[in-house]
Amino acid sequence: MAADNINQEIRVRIAPSPSGHLHVGTARTAVYNWLFARKHGGTFILRIEDTDQSRSFAEMTESIMDSLKWLGLDWDEGPYFQSKRTELYQQAADRLLEQGRAYYCYCMREELEARRTEAMAAGRNPLYNRCCRRLTAEQRAAREAEGREKVMRIAIPENGTTTFEDLVLGPLTKGNDELDDFIILRADWNPTYNFVCAVDDVEMRISHVIRGNDHVTNTFKQVLVYRALDATPPYFAHLPLILGQDKKKISKRQGAVAVTEYRDQGYLPEAFMNFLALLGWSPGDDREYLPRTELIAAFGLERVTSTNPVFDTDKLTWLNGQYIRDMDDNKLLTLLQPILMEAGLATRLEIETRWHWMLKIIHSLKERLHFLTDIIAMGAFYFRGEFGYEEQGVAKYFRKDGTSEILTALADEFAKIPEERFNQESSEQALRALAESRGAKVAQLIHPLRLALTGSTKGPGMFEITDILGRDNCLKRIARSLEYIKTLGPPE
RNA sequence: GUCCCCAUCGUCUAGCCCGGCCUAGGACACCGCCCUUUCACGGCGGCGACACGAGUUCGAAUCUCGUUGGGGACGCCA
């Protein structure tokens, strides 16, 4: 099978419906479409599927576009709004009606619903019985005279089969007796999804329809619309569905499902995109970390998997850490700035005027961050001296005999260093010299010092901390810890 | 219920189309060791899978059938 057909102009689209924020499943679909377009120099189109007025919200369109932009999925055409193209659909529907390829249906909703339920209960496929397709002109006139509500249905061939070639699943066929005359125009004369989707794909000259697996049954219906329209169907590629931890189609129940939520959790768009790309596709070699350009170069529909992947946050988090570590310090700080400001750790002015100092902080924490937001918990001590001391650390280091003496001696040594000469090297030298003179291991000084300076037993290298804090802050914090130690009972 | 799709470590996957190179490879997670002032990073190692049953074949993760399991679709939603 011709997988990536590049003998024609490549035009793909992402067609979200603005009923909610951008869903991770839709985002994944968008990533695949975008990669495919970029790989082949094609066109990536954004089309908003808002034919259902009651479920479409303008603010969701905004949110969806924000999320796409955040992911770096820039579109070349659109957004097109289906709600603004109703004329096109109605013209197409009228044409089908004239050609006898569509007809009016006067069946009532309740009636249809009842038949459907009954059929399913009886173990039959709940298809429309086509009663209105066989209406005589008189019967039709009678119903019109009654003023009955009507919809328009497509008249599909009653015999034969409908087939399409799927680039992921292979050729798929379905007997037309398993399909029915579905509604194309609602009672309010708004067109339905399967109809507009096909009409638009024809009109927009879409070459490849890349979308979720949950659309395979729709595809048969849409192929029928293409035929009715005398149009050639595009290539289809149905992606496996992303499953939640419970192995069900991922939904709100199992946690975050909107791209915005992941953004707010501190995930990087590059990492998120990389992760999404790997959900149902692999480059064929051992690479897992594939930045945008590598993704584009490696991408191909022929390597799309057919098994449904589970959305595994652990791997996403790992990837996020990789991207954070590889990021330029300045860029990282730029991204961290709003987070620091919002957490109240630093003001814009402080960050901008002490940029170099901030860079040191970022650098010291960089390889420890999994999320951008980790900076808050991990870096707070750099900005604030009024922290509590970690309980286990207190037990282990502060309640030990001689700790006060050690810290006092250390403070004395630090105090001897002029503030402007106090840095990583000089502070380390001072501590090491003190340790040696006391016949102690440096670790014996470092552990209590770390606790005194940061409140924690873990964190960046000791002398990165002393350097960043500066002499006076170190002295203040040591003094504060000594006060604290006094309040502790005698060591046991 | 009916129809469709899928089936390799806990998870993402390579291998499958063109059977032998597979004592099934990589990654995440987990565990251990190393590095080391802690944590993290990094390095090394460990744990861990071809759903089951038939068949075809000298030989099957790879081909066929069945079973089981999972997923999806059956709307005047998209």
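The structure presented is a predicted model; accordingly, all values stated were derived computationally and were not measured. Each chain gets a letter, A, B and so on, in the order its sequence line appears, and its residues count up from 1.
At least one side-chain heavy atom of A:Glu178 sits under 4.5 Å from a side-chain heavy atom of A:Asn125.
Going from the P atom of B:C30 to that of B:A40 covers 10 Å, rounded to whole Å. Taking atom P on both B:A24 and B:U62, the two are 15 Å apart, rounded to the nearest angstrom. Look at the P atom in both B:C63 and B:A14: the space between them is 14 Å, to the nearest Å. Taking atom C1' in both B:A49 and B:U36, the straight-line distance is 36 Å, to the nearest Å. Comparing the P positions of B:C3 and B:C9 gives a spacing of 29 Å, expressed to the nearest Å. Taking atom P in both B:C17 and B:G10, the straight-line distance is 25 Å, to the nearest Å. Rounded to whole Å, the separation between the C1' atoms of B:G72 and B:C76 comes to 23 Å. Comparing the P positions of B:C52 and B:U8 gives a spacing of 11 Å, expressed to the nearest Å.
When the side-chain nitrogen and oxygen atoms of A:Thr457 are compared with OP1 and OP2 of B:U38, none of them lie within a distance under 4.0 Å. Residue A:Thr317 places none of its side-chain N or O atoms closer than 4.0 Å to OP1 or OP2 of B:C28. Look at A:Lys247 and you'll find a side-chain N or O under 4.0 angstrom from OP1 or OP2 of B:U11. The side chain of A:Arg116 contributes an N or O atom lying less than 4.0 Å from OP1 or OP2 of B:C76. OP1 or OP2 of B:A73 sits under 4.0 Å from a side-chain N or O of A:Lys249. Side-chain nitrogen and oxygen atoms of A:Arg303 include at least one within less than 4.0 Å of the OP1 or OP2 phosphate oxygen of B:G15.
Judged by distance alone, the side chains of A:Asn218 and A:Tyr193 never bring a donor and an acceptor atom under 3.5 Å apart.
Nucleotide B:U38 forms a pair with no other nucleotide shown, judged by Watson-Crick or G-U wobble geometry with both contacts under 3.5 Å. Across every strand in view, B:C17 sits unpaired, with no contact that passes the Watson-Crick or G-U test at under 3.5 angstrom. Across the strands present, B:C9 finds no partner; the criterion is a Watson-Crick or G-U wobble pair with both atom distances under 3.5 angstrom. Pairing for B:A54 goes to B:U64, judged as Watson-Crick or G-U wobble with the two contacts each under 3.5 Å. Figure legend. B:C22 is base-paired to no nucleotide; pairs are counted as Watson-Crick or G-U wobble with both atom distances under 3.5 Å. Taking a pair to require two hydrogen-bonding distances under 3.5 Å in either a Watson-Crick or a G-U wobble arrangement, B:G59 remains unpaired. Within the shown strands, B:G43 is the pairing partner of B:C33 under the Watson-Crick or G-U definition, both distances less than 3.5 Å. Pair check for B:U2 finds B:A73; Watson-Crick or G-U wobble, both atom distances under 3.5 Å.
Taking a 6.0 Å sphere around CD of A:Glu436, one finds it holds 12 or fewer heavy atoms contributed by other residues, nucleotides or ligands. Within 6.0 Å of atom CD in A:Glu425, more than 12 heavy atoms from other residues, nucleotides or ligands are found, so the atom counts as buried in its surroundings.
Nucleic acid contact class of A:Gly280 (heavy atoms, under 4.0 Å, all strands): sugar-phosphate only. Using a 4.0 Å heavy-atom criterion, one finds that A:Phe463 contacts the bases of the nucleic acid, with or without backbone contacts as well. Within 4.0 Å (heavy atoms only), A:Glu113 reaches no atom of the nucleic acid at all. When heavy atoms are screened at a 4.0 angstrom cut-off, A:Val151 is found touching base atoms of the nucleic acid. Using a 4.0 Å heavy-atom cutoff across all strands shown, A:Pro460 reaches at least one base atom of the nucleic acid. Note on A:Ile183: a base of the nucleic acid sits closer than 4.0 angstrom, heavy atoms only. Within 4.0 Å of A:Leu279, counting heavy atoms only, lie sugar-phosphate atoms of the nucleic acid but no base atom. Within 4.0 Å of A:Asn218, counting heavy atoms only, lies at least one base atom of the nucleic acid.
Remark: A:Lys150 fails to qualify as a cation-pi partner of A:Tyr106 under the 6.0 Å distance and 45° angle criteria applied to the six-membered ring. Geometrically, A:Lys400 does not engage A:Tyr397 in a cation-pi contact defined by less than 6.0 Å to the ring centre and at most 45° from the axis. Cation-pi contact between A:Arg13 and A:Phe44: absent, since separation from the ring centre below 6.0 Å together with deviation from the ring axis within 45° is not met. Both tests do not hold together for A:Arg153 against A:Tyr104: distance to the six-membered ring centre under 6.0 Å, angle to the ring axis within 45°. Both tests hold for A:Arg28 against A:Tyr32: distance to the six-membered ring centre under 6.0 Å, angle to the ring axis within 45°.
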Quick test: give all pairs of protein nitrogen or oxygen and nucleotides 42-50 of chain B nitrogen or oxygen below 3.5 Å, distance rounded to 0.1 Å.
{"residue": "B:G42", "atom": "OP1", "partner": "A:Arg325", "partner atom": "NH1", "Å": "3.3"}

Below 3.5 Å between N/O atoms, which protein atoms pair up with nucleotides 3-6 of chain B? Just atom names and distances, please.
{"residue": "B:C3", "atom": "O2'", "partner": "A:Lys174", "partner atom": "NZ", "Å": "3.1"}
{"residue": "B:C3", "atom": "O2'", "partner": "A:Glu178", "partner atom": "OE1", "Å": "3.2"}

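The 5' end of RNA chain B is approached more closely, in terms of each residue's nearest nucleotide, by A:Met120 than by the other of A:Arg432 and A:Met120.
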Before giving the answer on salt bridge (charged side-chain N to carboxylate O under 4.0 Å, His left out), spell out for A:Glu113 and A:Arg109 the whole-Å C-alpha distance, their side-chain angles and the decisive distance to 0.1 Å.
CA-CA 6 Å; A:Glu113 182 57 35; A:Arg109 296 168 203 249; over 6 Å; no
Please test A:Tyr262 against A:Phe311 for ring-ring contact (aromatic ring centres under 6.0 Å, His included), starting from the C-alpha separation and ending with a verdict.
CA-CA 13 Å; A:Tyr262 289 91; A:Phe311 194 92; 5.5 Å; yes
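When all heavy atoms of A:Pro126 and A:Arg116 are compared, the closest pair comes out as CB-CG, 3.6 Å.
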